[in-house]
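Quick notes on the structure that follows.
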Amino acid sequence: MKTILTTVLVTGLFLSACKKQDDESGAKGKEEFAMAASESDAAAEGVFDDVFNNVMGVSPEVGIGGTGVFGRMDVSGARIDGVDSTPCYTVAIKQLNNTTRFPLQITIDFGTGCTARDGRTRKGKITVVYTGSLVISGNSATTIFDNYYLDNIKVEGTHKLTNTGTLDKKSYTTQVINAKLSQSNGDYIQWNSQKTVTQVEGGSTPLIGLDDAYNVTGNAGGSVQLNGKYFQWSTAITAPLLKRFSCPWIAKGTISLSKGSDAVAVLDYGSGTCDNKVVFTVNGSIHEITLH
């Protein structure tokens, strides 16, 4: 009887210890997942927000002109000021139809390294095919990448931007298809995204892009290989993200991050200040991410 009782007590203590270990491992695992997924989703959002700005900024013929690395231009197309004080890239324009101006292919070549005034270094090429001017509803621009890097991130995949606006509201849809963002150490992010971008400020000055502000809504999903571990997630924007052409970062808004059907964390981009900080909340704990 004594032997049986001792066995039961030992077994009970063992199971209790295992349960406690499992509970702690679950909480720790959730935080680890949230950290990896939050950082990766925010990084991917930033990379393709930069693509959006450059696609729109090439020239007033194909977009707004004067955004992204293209700085700010006046009505005549002359450079005034902006992100770059001295351009270190080249732009090649190719007309794909001999009888019509569009579709138009534009290749932005950053060479072996081009550091802009925003402090970010780009290299390689991005090639954009415009069906027409992006200020006209129905037109689109599809971007692919040729050995292109943003800082130390190699960017692959397809980015498509379509004007879905009306006469009284400027609006776009953005699609990121089969993106892969790779680091030199073998870590990588895979990402797909579908967003709607709607203008909320700057409508009264259509020829000046740098005073524009947009609300972004939609969802995304991705996976990351990080330090030998693999994480997969999905996101939904729960409060519109605020993007400004004058700021390289998302300035406001919240995103719900899920693992499968379970909501795990909330990403908060802040209250409108232009900075590279994002906080996420998981298990009641608040963590800060610094974007690069």
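These numbers come from the heavy atoms of this one structure, side chains and all, not from hydrogens, waters or symmetry mates. Being a predicted model, the structure only gives us computed values, none of them experimental.
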Give every donor-acceptor pair under 3.5 Å between a side-chain atom in residues 216-224 and any protein atom, sequence neighbours left out.
from	atom 1	to	atom 2	distance (Å)
Ser223	OG	Gln190	OE1	3.3
Ser223	OG	Tyr230	OH	3.4

- Note on the structure: Nearest heavy-atom contact between Ile189 and Ala43 is CD1-CB, 4.4 Å
- Query: Taking NZ, NE, NH1 and NH2 as the nitrogens, is one of them in Arg122 or Asp50 under 4.0 Å from a carboxylate oxygen of the other?
  - Reply: yes
- Query: Can you get from Leu291 to Val176 by hopping between Ile, Leu, Val, Met, Phe, Trp and Tyr side chains that sit under 4.5 Å apart?
  - Reply: yes
- Message: Show me the pairs that pass ring pair (Phe, Tyr, Trp, His ring centres under 6.0 Å) and involve residues 121-140, at least two apart or across chains.
- Response: none
- Can you name the salt bridge (Lys or Arg N to Asp or Glu O under 4.0 Å) partners of Glu39, sequence neighbours left out? none
- The side-chain contact (heavy atoms from CB on, under 4.5 Å) partners of Thr121 (sequence neighbours excluded) come to Thr115, Asp151
- All side-chain hydrogen bond (donor to acceptor under 3.5 Å, both in side chains) counterparts of Ser182, not counting sequence neighbours: none
- Item | Cationic N near anionic O, under 4.0 Å, Arg244 to Asp212 | no
- Note on the structure: Contacts of Lys195 meeting salt bridge (Lys or Arg N to Asp or Glu O under 4.0 Å) (sequence neighbours excluded), chain-then-number -> Glu45
- Task: Scan residues 127-139 for pairs that pass salt bridge (charged side-chain N to carboxylate O under 4.0 Å, His left out), counting only residues two or more places apart or in two chains.
- Result: none
- Item | Contact list for residues 131-170, test ring pair (Phe, Tyr, Trp, His ring centres under 6.0 Å), sequence neighbours left out | Phe110-Tyr148, Phe145-Tyr148
- With sequence neighbours left out, write down each residue that passes side-chain hydrogen bond (donor to acceptor under 3.5 Å, both in side chains) with Gln183, or none if nothing qualifies. Asn152
- Query: Which pairs with one or both residues in residues 131-160 pass disulfide (SG to SG under 2.5 Å), sequence neighbours excluded?
  - Reply: none
- Query: Among all residues two or more places apart in sequence or in another chain, which pass the salt bridge (Lys or Arg N to Asp or Glu O under 4.0 Å) test with Glu32?
  - Reply: Lys229
- Tyr269: partners by ring-ring contact (aromatic ring centres under 6.0 Å, His included), with sequence neighbours left out: none
